[in-house]
Amino acid sequence: MSCQVRPLWPPFVAGIVLGLVLLLTFVLVGNGMGASGAFARVATEVGLQAAPDAIRENAYLGGMAQGNPLAAWVVLAVVGTLIGAILASVASGRFRVKVDRGSGRIGVGTRLALALGGGLLAGFGSRLAAGCTSGVGLSNTAMLGVAGFVFLVAFFAVGLLVSLFMRRVW
Amino acid sequence: MDYGTAGTALATGLLFGFVLEQAGFGSPCKLTAQFRLTDWSVFKVMFTAIIVAAIGILLLQVDNTFGSQGFYVAEMFLWGTVLGGVLIGAGFAIGGYCPGTSVVGLGSGRIDGLVFMLGMVIGIWAFAGVYDSSLIQSVLTSAQAPARTVPELLGVSPWLVVVAMILLAIGGFFAGRALERRSHGVYSAEDITEGRDPGESDELGRDLGREASASRQNETT
């Protein structure tokens with residue numbers, strides 16, 4: 001590809017802007033940014049199409065099926081996140097449709113299986129913690145919340161540990 | 001949901017995704033390099049953002065500007081939070097993303113980001129399937145922290161907590177810089193776009209030097 005790839009923002013620039021975006025979100029909405037809540041909503045909606053009775057009777061998803069304003073908010077926020085990422089990557093020449101296999105030591109099938117498995121763990125974990133890196137790690141910690149600090153310690157400690165077994169992948 | 005609320009969701013989400021992509025966080029290589037300790041961008045961006053937002057919120061709270069004293073902070077149930085962090089950390093190391101960054105990965109064209117998102121939906125169905133079990137219920141409802149925030153829990157000024165976070169961040173930045181220099185370096189925009197190790201771009205004399213000097217410059221300012 002000959003189109004020019006623009007450099008990434010330096011980490012401290014990105015960090016300051018991200019902090020200001022988070023602050024703006026609190027000012028406008030009264031709570032921080034989230035991501036995983038949107039997937040709980042998607043799981044509910046898709047489930048309602050496939051197995052409506054099972055979802056309505058389910059103790060967890062049944063409540064969500066009755067509608068929760070904040071859940072709808074976070075779905076739109078994630079749609080916005082997707083649009084923002086498309087705009088940034090296209091504008092900077094970094095948009096490529098591909099399966100990202102890192103430096104290419106593993107095949108496409110292996111990479112997709114790992115992505116699916118990692119997503120499964122993250123989806124389950126996000127319901128235990130009532131949020132993810134965005135909602136708990138970033139937003140709750142910015143409020144100096146106990147949950148945010150505890151989450152980040154567990155997240156980084158286990159990430160470091162599991163990463164030791166994943167060196168071949170990247 | 002009225003149009004105003006929908007607008008704030010789309011607008012703040014858009015800014016969030018835009019910044020994360022500009023930081024390189026659509027790349028599972030760059031993201032997981034934090035856990036290999038070769039690229040400390042995740043730590044730097046997250047901690048800088050948290051500290052900037054925390055200081056902003058505390059300043060607003062002095063006069064309750066924008067109703068900031070009522071900003072939402074969730075209560076903590078220790079085991080749910082710990083186990084959630086454990087599973088999301090493991091999922092990150094295995095799958096290359098966390099929930100938000102998988103969306104950024106898809107936005108920059110990565111099919112594996114979409115597959116990670118599909119995995120999350122399946123994981124949530126699995127959670128819903130075992131939600132009623134006594135094990136999950138006790139994880140979700142036991143060991144509730146007596147306070148929502150660290151300053152309340154410890155009975156200290158929030159500014160003391162912010163100062164401690166700044167010191168922790170500075171320590172992390174120096175440790176990170178030393179480890180980045182010892183390894184083959186941080187992922188540049190070209191590395192993550194073309195799927196290369198930073199070591200390769202080093203040999204070609206490309207982006208690596210510029211990024212390293214840019215981050216050095218930032219650290220000195």
Side-chain angles (χ1 to χ4, degrees), chain A residues 8-12 14-15 18-19 21-23 25 27-28 31 35-36 39 43 60-61 73 76-77 80-82 84-86 88-89 94 96-97 99-100 102-103 115-116 118-125 127-129 132-134 142-147 150-151 154-155 158-159 162-163, chain B residues 8-10 12-15 17-19 21-24 29 35 41 44-45 48-49 52-53 56 66 72-73 76 80-91 93-95 98-100 103-104 107-112 115-116 119-121 123-124 127-128 131 145 149 189 193 197 218:
Chain A
L8 302 172
W9 289 1
F12 295 102
L18 185 65
V21 170
L22 190 58
L23 186 60
T25 311
V27 166
L28 290 175
N31 55 261
S36 59
F39 293 93
Y60 187 70
L61 297 178
W73 187 90
L76 276 180
T81 303
L82 181 66
I86 293 171
S89 63
R94 293 192 291 263
R96 300 280 189 284
V97 176
V99 173
D100 197 329
S103 46
L116 191 76
L120 208 149
L121 293 177
F124 196 101
R127 297 305 86 206
L128 286 175
C132 59
T133 328
S134 309
M143 288 293 290
L144 308 181
V146 184
V150 170
F151 176 91
F155 172 77
V158 173
V162 177
S163 173
Chain B
T8 62
L10 276 172
T12 52
L14 191 147
L15 292 170
F18 191 89
V19 180
E21 204 287 327
Q22 294 287 10
C29 279
F35 289 151
S41 300
K44 290 176 191 169
V45 171
T48 308
V52 165
F66 304 120
Y72 178 70
V73 50
M76 184 192 71
T81 306
V82 168
L83 281 176
V86 163
L87 289 178
I88 294 172
I94 292 167
C98 62
V103 178
V104 179
S108 51
R110 291 176 172 86
I111 311 293
D112 43 309
V115 172
F116 189 96
M120 271 193 290
V121 171
I124 292 165
F127 176 83
Y131 176 75
T149 70
T193 308
D197 270 339
N218 269 289

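The structure presented is a predicted model; accordingly, all values stated were derived computationally and were not measured.
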Going by the angle between their ring planes, with limits at 30° and 60°, are A:Tyr60 and B:Tyr131 parallel, tilted or perpendicular? tilted
Write down the atom of A:Met143, the atom of B:Thr149, and the distance for their closest heavy-atom approach. O-CG2, 3.7 Å
Distance col, row A:Asp100:CG vs B:Ile111:CD1, nearest 0.5 angstrom, shows 11.0 Å
Rounded distance (nearest 0.5 Å) linking atom CG of A:Leu120 with atom CD1 of B:Ile124: 10.0 Å
State the CG-CG distance between B:Leu10 and A:Leu82, to the nearest 0.5 angstrom. 11.0 Å
Verdict with reasoning, B:Val45 to A:Trp9, per side chain to side chain contact (heavy atoms under 4.5 Å, CB included): CA-CA 10 Å; B:Val45 171; A:Trp9 289 1; over 6 Å; no
Please determine, among B:Gly80, B:Ala145, B:Gly100, the option with the most heavy-atom pairs under 4.5 Å with chain A. B:Gly80
Greatest number of heavy atom pairs closer than 4.5 Å to chain B - which of A:Ala115, A:Ala14, A:Ala129: A:Ala115
Heavy-atom closest contact (B:Ala53 atom, A:Gly19 atom, distance): CB-O, 3.6 Å
What part of B:Phe18 gets within 4.5 angstrom of chain A, counting heavy atoms only: side chain, backbone, both, or neither? both
Using the rule given for side chain to side chain contact (heavy atoms under 4.5 Å, CB included), can you reason through B:Ile94 versus A:Leu121, listing the C-alpha separation, both sets of side-chain angles and the distance that settles it, and then say yes or no? CA-CA 9 Å; B:Ile94 292 167; A:Leu121 293 177; 3.8 Å; yes
Can you tell if the side chain of A:Thr133 reaches within under 4.5 Å of the side chain of B:Ile88, non-hydrogen atoms only? yes
List the atom of B:Val86, the atom of A:Ala154, and the distance in Å for their closest heavy-atom pair. N-CB, 4.1 Å
Any side-chain heavy atom of A:Leu28 sitting closer than 4.5 Å to one from B:Thr12? yes
Picking from A:Gly15, A:Ala122, A:Ala147, A:Ala35, which has the most non-hydrogen pairs under 4.5 angstrom with chain B? A:Gly15
How long is the span from the CH2 atom in A:Trp73 to the OG1 atom in B:Thr8, to the nearest 0.5 Å? 6.0 Å
When heavy-atom pairs shorter than 4.5 Å are enumerated against chain B, which of A:Val158, A:Thr81, A:Leu22 gives the highest number? A:Thr81
For chain B, which candidate among A:Gly119, A:Gly145, A:Gly123 shows the most heavy-atom pairs at distances under 4.5 Å? A:Gly119
Drop me the distance from A:Cys132's SG to B:Met120's CE, to the nearest 0.5 angstrom. 7.5 Å
Smallest heavy-atom separation, A:Ser89 atom then B:Gly107 atom, equals OG-O, 3.3 Å
How many angstroms lie between CG in A:Leu8 and CD in B:Glu21, if you round to the nearest 0.5 Å? 7.5 Å
Is there a side-chain contact between A:Pro11 and B:Ser41 in this structure, where contact means two heavy atoms from C-beta onward sitting under 4.5 Å apart? yes
With chain A, which of B:Leu83, B:Val121, B:Val52, B:Thr81 has the greatest number of heavy-atom pairs at distances under 4.5 Å? B:Thr81
What option among A:Thr25, A:Leu116, A:Leu61 has the most heavy-atom pairs under 4.5 Å with chain B? A:Leu116
Do A:Arg94 and B:Gln22 come within less than 4.5 Å of each other through their side chains, counting heavy atoms only? yes
May I ask you to check whether B:Phe116 and A:Phe39 place their ring centers less than 6.0 Å from one another? no
